[in-house]
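Data block below; observations after.
Each chain gets a letter, A, B and so on, in the order the sequences are listed, and its residues count up from 1. All heavy atoms count here, side chains included; hydrogens, waters and symmetry mates do not.
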Amino acid sequence: MYREYIQKTIDLLREVTGLEDVMITDGGDHADLASTVSFALTKTQRKNPAVIAGELVAVLSAKPEAKGIEISAKGPYINFIFGGDYVAESVRAARRDDYGTLPARTDKVIIEHTSANPNGPLHVGHIRNTVIGDTLVRAFRKAGYPVEAQYYLNDMGRQIAIVAWGVKNLHYDRLPGEKGDEYIVRHYVEANRIAKTKPEIEPEFDSMMEKIEAGDPETVKLFHDSVDICADGIKETLSSMNVVHDKFVRETTFLWNGSMQDVLNRIEKLPTVHHEGQMMYLDLSGEGFGNRYVLRRSNGTSVYAARDLAFHLWKNAQCDRSIDVLGADHKLIGAQLQTTLKLIGERPPEIVHFEFVSLPEGSMTTRGGVFITADELIAETKKRAMEEVTVRRPELSEEERTKIAAAVAVGAVRYDIVKVSAEKSTVFDWKEALDFERQSAPYIQYAHARACSIMEKAKAEGGFAECYEYSDPYELALAKHIARFPYVLEKVVVELRPHLLATYVRDLADLFNSFYRFAPVLKAEGNVRDARLTLVDACRNTLYQALGVLGIEALESM
RNA sequence: GGGCUUGUGGCUUAGCCAGGAUAUAGCGUCGGGCUUCUAACCCGAAUGUCGGGGGUUCGAAUCCCUCCAGGCCCGCCA
């Protein structure tokens, strides 16, 4: 309802003032919505803004469309408070199974995220990409879009050549129960170490890269087997975090199917293309870039940038919006990619960049073996959650406690990451990751479990009748926040900022917990009891829907 | 050196792009609350030159300029 009422308010103000921009702002504690349009009118009306606000309120209130909205002036501010009908309609809507779902759309969206090189396990830096990406995937789906999640799999670059060299030369045995990514990274770290002490092996990497480029069957098998082993491990990690990609797309696809050559042929026609021997690059200095955008090496082999261009054209052919989630270290190449696509008349992808996650002792490197893996983080968090649930719910079976701990752990990890806006660089902190108090997923899951518990008890006591009459401040604050969920969801997909949803759902849990403390539900009587139970049900469902978009399990008991 | 980006109480953080009413929360500190729907909870207190300085504006955490500090990038790696 919130979205509808905002529009209604804007329409009213536009009609009365004749202005396009009616200076709508959040009402804060004062109102559901406010306008500072009276300031803008001082120039033409040459009157005190408070006087103008008073006059506008009189005109606005008299409009039949203003029915159900309480309009008042406080100094120069015009405040709009949405009335009982709004609250009732909002709570009613929030109880529906599909609450939050926006009208279905036909424009298809491809979101590419994670896409970490298959040279080792995902670490806590990579999963910032994963969590942002997967939350966007879920948000777009909830917002009515057909979405495909893709993982772009590097199966031929230099780093993979190093992995393949390791697999070929080191002959490590896979340890019992060892995940594929753990197994592969041992080769990668050791091969890098050897390369550092014996630089004379470097040409071997080059030669392997030339062979994969040429499609040499033995080399292709070696590379792809190594990549597949690692990717299997990565998929297990993703799956444990409730993340599923619809497609894994191999880089070699675009080399071997000729599409990379096609796009290079088109780029050849640009006036700013240059060659030095077989080496080919684009001079993007006209677009504000300082360096060469190299698209083919002097030995004739392809580079990532060229294959990536072909990949993006392939994606464009299948969707209406193409969104990439990339680390801040990819800002430059991302901008170069976008610019180059524009230069050849193609649609550039939308790119969501997120800043770096580092460790207190410095940045993480897969090559140096310096990282905390996502698996370690989840395992540690699970352990901590198990301790917690064992203390709180000793009567539950180990199986039940394990199940709760797993959901709490994954939720805690995902929420910790998604709650911080993407443009902020962060330092990983165990203490914070393992904190299950406020501003954490368990806090929100707990609010949901409390709501479920009330509903369960109400059912046992013989149910309740729907009732939508609210007057208590705690009821109203909660109901009005519930009403904003679809608005927030829409904002997330428009602005590509999933952390807004994290903030929203945390506030929702806050409001529910205050309501829970001060507005007894089951002990209330008559209409009040019915109205509160109806509200608890609406809140329960809103928490459920919002947690779903965040990829966090809404536990019914914990 | 050039580009991008961040800087909000001791720590973490929202608000900034689309400027307005006493700057949002959490952690930590201090004080209170479990015979009452799950205390992974709630309530209260203290804590702020919104990095510094200029400017625009009736009004700036928000826009512009400049300086300072941190991060990232500037590879025939990905």
Side-chain angles (χ1 to χ4, degrees), chain A residues 21 23-30 34-36 38-39 42-43 49 74-77 79 115-117 119 154 156-162 251 276-281 288-292 294-301 303-305 307-308 327-333 335 353 355-356 358 363 385 388-389 391-393 408 412 419-421 423-427 429 431-432 435-447 449-458 461 495 499-500 502-503 506-507 509-510 513-514 516-524 532-533 536 557-558:
Chain A
D21 182 2
M23 317 285 251
I24 284 291
T25 167
D26 189 85
D29 301 333
H30 312 273
S35 167
T36 56
S38 58
F39 287 109
T42 53
K43 290 180 183 69
K74 176 89 182 288
Y77 300 93
N79 289 328
S115 302
N117 281 333
N119 55 5
N154 173 3
M156 64 171 292
R158 185 173 192 82
Q159 296 179 44
I160 303 311
I162 295 171
E251 257 188 66
E276 282 178 18
Q278 287 194 80
M279 200 269 271
M280 166 187 175
Y281 72 92
F289 295 96
N291 61 339
R292 294 171 166 189
V294 175
L295 294 168
R296 188 180 286 289
R297 295 195 184 92
S298 51
N299 68 2
T301 59
V303 293
Y304 164 85
R307 301 186 296 260
D308 206 22
D329 52 337
H330 286 63
K331 274 187 183 177
L332 178 62
I333 58 155
H353 286 291
E355 288 289 335
F356 253 54
S358 53
S363 56
E388 198 70 26
V389 72
V391 169
R392 292 165 195 284
R393 302 294 300 277
V408 163
K419 74 178 179 186
V420 181
S421 58
E423 62 270 19
K424 226 109 171 177
S425 56
T426 61
V427 176
D429 181 351
K431 189 172 161 287
E432 234 167 89
D435 179 11
F436 299 154
E437 296 193 332
R438 301 179 70 168
Q439 302 203 346
S440 73
Y443 173 81
I444 298 156
Q445 289 169 311
Y446 186 67
R450 279 177 144 183
C452 287
S453 175
I454 291 177
M455 296 316 293
E456 200 60 36
K457 286 208 163 65
E461 290 176 13
E495 301 182 12
H499 87 278
L500 296 174
T503 307
R506 185 243 292 161
D507 289 341
D510 279 346
N513 279 325
S514 293
Y516 183 93
R517 165 69 180 76
F518 292 104
V521 178
L522 295 172
K523 288 193 172 53
R532 287 184 180 169
L533 278 166
V536 170
S557 168
M558 62 188 284

Just to be sure I understand the rule, does [X] reach a base, reach only the sugar-phosphate, or reach nothing, if contact means heavy atoms closer than 4.0 Å?
| X | answer |
| --- | --- |
| A/A328 | sugar-phosphate |
| A/G157 | sugar-phosphate |
| A/F518 | sugar-phosphate |
| A/D29 | base |
| A/G27 | base |
| A/V521 | base |
| A/E251 | sugar-phosphate |
| A/R506 | sugar-phosphate |
| A/A412 | nothing |
| A/A34 | base |
| A/Y443 | sugar-phosphate |
| A/H499 | sugar-phosphate |
| A/V389 | base |
| A/S514 | sugar-phosphate |

query = Quick one: CG on A/N513 to CZ on A/R438, what's the gap to the nearest 0.5 Å?
reply =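 The CG atom of A/N513 sits 7.5 Å away from the CZ atom of A/R438.
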
ask   = How many angstroms lie between atom CD of A/E251 and atom OG of A/S115, to the nearest 0.5 angstrom?
value =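 One finds 9.5 Å between CD of A/E251 and OG of A/S115.
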
Can you tell me, in whole Å, how much space there is between the [atom1] of [N] and that of [M]?
| N | M | atom1 | result |
| --- | --- | --- | --- |
| B/C4 | B/U66 | P | 11 Å |
| B/U13 | B/G28 | C1' | 14 Å |
| B/A14 | B/U56 | P | 31 Å |
| B/C64 | B/U5 | P | 11 Å |
| B/C27 | B/C42 | P | 9 Å |
| B/G44 | B/A25 | P | 10 Å |
| B/G59 | B/U22 | P | 16 Å |
| B/G52 | B/C11 | C1' | 22 Å |

inquiry  = Assuming nearest nucleotide by heavy-atom distance, tell me which of A/N79 and A/V420 is located more 5' along RNA chain B.
reply    =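 The answer here is A/V420.
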
inquiry  = Here's a test of your reading of the structure: between A/V408 and A/Q159, which maps to the more 5' nucleotide of RNA chain B?
reply    =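 Here A/V408 is the residue nearer the 5' end.
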
key: Minimal non-hydrogen separation, A/F436 against A/A385, with atom names   =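 Nearest heavy atoms, A/F436 then A/A385: CE1-CA, 3.5 Å.
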
query = Do you know which two heavy atoms are closest between A/A449 and A/M558, and how far apart they sit?
reply =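 Here A/A449 and A/M558 meet closest at CB-CG, 3.9 Å.
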
task = For the pair A/R532 (side chain) and A/P520 (backbone), establish whether a donor and an acceptor sit closer than 3.5 Å, ignoring hydrogens and angles.
result =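 Checked: pair present.
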
ask   = Does any N or O in the side chain of A/T42 come within less than 3.5 Å of the main-chain N or O of A/S38, such that one atom is a donor and the other an acceptor?
value =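 Judged by distance alone, no pair lies under 3.5 Å.
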
Please give the nucleotide sitting opposite [N] as a Watson-Crick or G-U wobble pair, both distances under 3.5 Å, or none.
| N | answer |
| --- | --- |
| B/A23 | none |
| B/G1 | B/C74 |
| B/G44 | B/C30 |
| B/A39 | none |

OP1 or OP2 of [N] versus the side-chain N and O atoms of [X]: is any pair under 4.0 Å?
| X | N | value |
| --- | --- | --- |
| A/H330 | B/C77 | no |
| A/K43 | B/C58 | no |
| A/T426 | B/U12 | no |
| A/R297 | B/C77 | yes |
| A/R450 | B/A39 | yes |
| A/R307 | B/A78 | yes |

Sidechain N-carboxylate O distance under 4.0 Å for A/K331, A/E355 =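 Salt bridge: yes.
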
query = Is A/E388 salt-bridged to A/R393, cutoff N-O under 4.0 Å?
reply =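 The answer is no: the pair does not qualify as a salt bridge.
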
[N] [atom2] sits how many Å from [X] [atom1], rounded?
| X | N | atom1 | atom2 | result |
| --- | --- | --- | --- | --- |
| A/Y281 | B/C74 | OH | P | 18 Å |
| A/F356 | B/C73 | CZ | P | 6 Å |
| A/N513 | B/A25 | CG | C1' | 14 Å |
| A/D507 | B/A25 | CG | P | 9 Å |
| A/L500 | B/A25 | CG | P | 17 Å |
| A/D329 | B/C4 | CG | C1' | 12 Å |
| A/R296 | B/C77 | CZ | P | 14 Å |
| A/K424 | B/C50 | NZ | C1' | 11 Å |

request  = Would you tell me whether A/Y304 and A/N154 have side-chain atoms, one donor and one acceptor, within less than 3.5 Å of each other?
outcome  =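 No.
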
Expected rows: protein N/O vs nucleotides 61-65 of chain B N/O, under 3.5 Å:
none

query = Taking it one step at a time, do A/E432 and A/Q439 satisfy side-chain contact (heavy atoms from CB on, under 4.5 Å)?
reply = CA-CA 10 Å; A/E432 234 167 89; A/Q439 302 203 346; over 6 Å; no

inquiry  = Checking contacts here: which listed nucleotide (B/C72, B/C77, B/A78) is nearest the side-chain heavy atoms of A/R158?
reply    =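 Looking only at heavy atoms from C-beta outward on A/R158, the closest nucleotide is B/C77.
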
message = Could you go through A/L332 and A/N291, starting from their C-alpha distance and side-chain angles, then the distance that decides it, and tell me whether this counts as side-chain contact (heavy atoms from CB on, under 4.5 Å)?
response = CA-CA 10 Å; A/L332 178 62; A/N291 61 339; 3.9 Å; yes

task = Report the C-alpha distance between A/E495 and A/L500 in whole Å, list the side-chain angles of each, state the deciding distance to 0.1 Å, and finish with yes or no for side-chain contact (heavy atoms from CB on, under 4.5 Å).
result = CA-CA 9 Å; A/E495 301 182 12; A/L500 296 174; 3.8 Å; yes

For nucleotides 26-35 of chain B, list the nitrogen or oxygen atoms of the protein found under 3.5 Å from its nitrogen or oxygen atoms, one pair per line.
residue	atom	partner	partner atom	Å
B/G26	OP1	A/R438	NH1	3.0
B/G26	OP1	A/R438	NH2	3.3
B/G26	O4'	A/Q439	NE2	2.8

message = Run the side-chain contact (heavy atoms from CB on, under 4.5 Å) test against A/R297 and tell me which residues pass, sequence neighbours left out.
response =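 Here the qualifying residues are A/M209, A/N299, A/T301, A/V303.
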
